[in-house]
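Below you'll find the structure, written out as structure tokens, and then a few comments.
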Amino acid sequence: MQVNDLLTRHAAAWAGATRHPFLIGVRDGTLPAPSFAAWLVQDHHFVADLLAFQARLLARAPRHAQPVLAAGAVALVDELAWFDEQAAARGLDLTAAATPATVAYGDLLGRLDAAPVPEALVALWAIERTYLDAWAFASPGAPEFREFVTHWTTPDFAGYVAGLAAAASHQAADADEVFLAVVAAEVDFWAATGAGA
Ligand SMILES: Cc1ncc(CN)c(N)n1
């Protein structure tokens, strides 16, 4: 199975996750500052959940997937520190409660612990591919948001997502359901910022 086939098979759903009004606002500078602040605080919560999920997945992953999962986990540790800096520069409280959309996404990650490893790998690839495509759509971004656009559109990040695609395509997985669950969680995550309401 080639995971990239999922993108064309579910093109409309994919566009919903990667071309959300939040991203149009990032691109043209019309995103209200409170929406961006809400997203930043919630994404910090999400990345902490994602790191924990990725560590659990690494523990049960086959040999071929271990390098990309381990390197990605280290990158997520760095990303959490970067979020700390970004929040401090904006005076944001990262201890603010997770919204229902963030809790629901964390619950999805928890359920993936019981999924076969090939399915969980597809989910992780879909999570990261969403950000690669979403922030590329917002590129180059209004000046106040540009650092975030750059963060998720670097060749390094694209290479990481390609590595996850290779790991997830290694073994056949019944993946449409898990892919669509990730896509729906991403749409809800953008929407919870109030953008596009
Ligand atoms: C909601 C969400 N999805 C994906 C990513 C990419 N790690 C993220 N930071 N946040």
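Start at 1 and go down the list; that is how both ligands and their atoms are numbered. Computed from a predicted structure; not experimentally measured.
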(message) Check the orientation of Phe148 and Phe36. Use parallel for under 30°, tilted for 30 to 60°, and perpendicular for over 60°.
(response) perpendicular
(message) For atom 3 (N) of ligand 1, what is the closest protein heavy atom, and at what distance to 0.1 Å?
(response) Glu186 OE2, 2.7 Å
(request) Assess Val47 for proximity to ligand 1: is some non-hydrogen atom of it under 4.0 Å away? (result) yes
(request) Consider every N or O of Asp43 and every N or O of ligand 1, then say whether any pair is closer than 3.5 Å. (result) yes
(request) Output the list of atoms in ligand 1 that are nearer than 4.0 Å to some heavy atom of Glu128, sorted by atom number. (result) 6 (C), 7 (N)
(request) Any atoms of ligand 1 less than 4.0 Å from a non-hydrogen atom of Leu50? List them with their elements. (result) 7 (N)
(message) Show every salt bridge (charged side-chain N to carboxylate O under 4.0 Å, His left out) that has at least one partner inside residues 141-153, sequence neighbours left out.
(response) none
(message) Angle between ring planes, Tyr131 versus Trp135, binned at 30° and 60°: parallel, tilted or perpendicular?
(response) perpendicular
(message) Testing the basics here: between Val47 and Glu79, what is the closest heavy-atom pair and its distance to 0.1 Å?
(response) CG2-OE2, 3.5 Å
(request) Check the angle between the aromatic planes of His44 and Phe83 and answer parallel, tilted or perpendicular using the 30° and 60° thresholds. (result) perpendicular
(message) Would Tyr105 count as being in polar contact with ligand 1, using the rule that some N or O on each side must be under 3.5 angstrom apart?
(response) no
(request) Within a distance under 4.0 Å of any heavy atom of Phe189, pick out the atoms of ligand 1 and give their elements. (result) 1 (C)
(message) Is there a side-chain contact between Glu119 and Glu177 in this structure, where contact means two heavy atoms from C-beta onward sitting under 4.5 Å apart?
(response) no
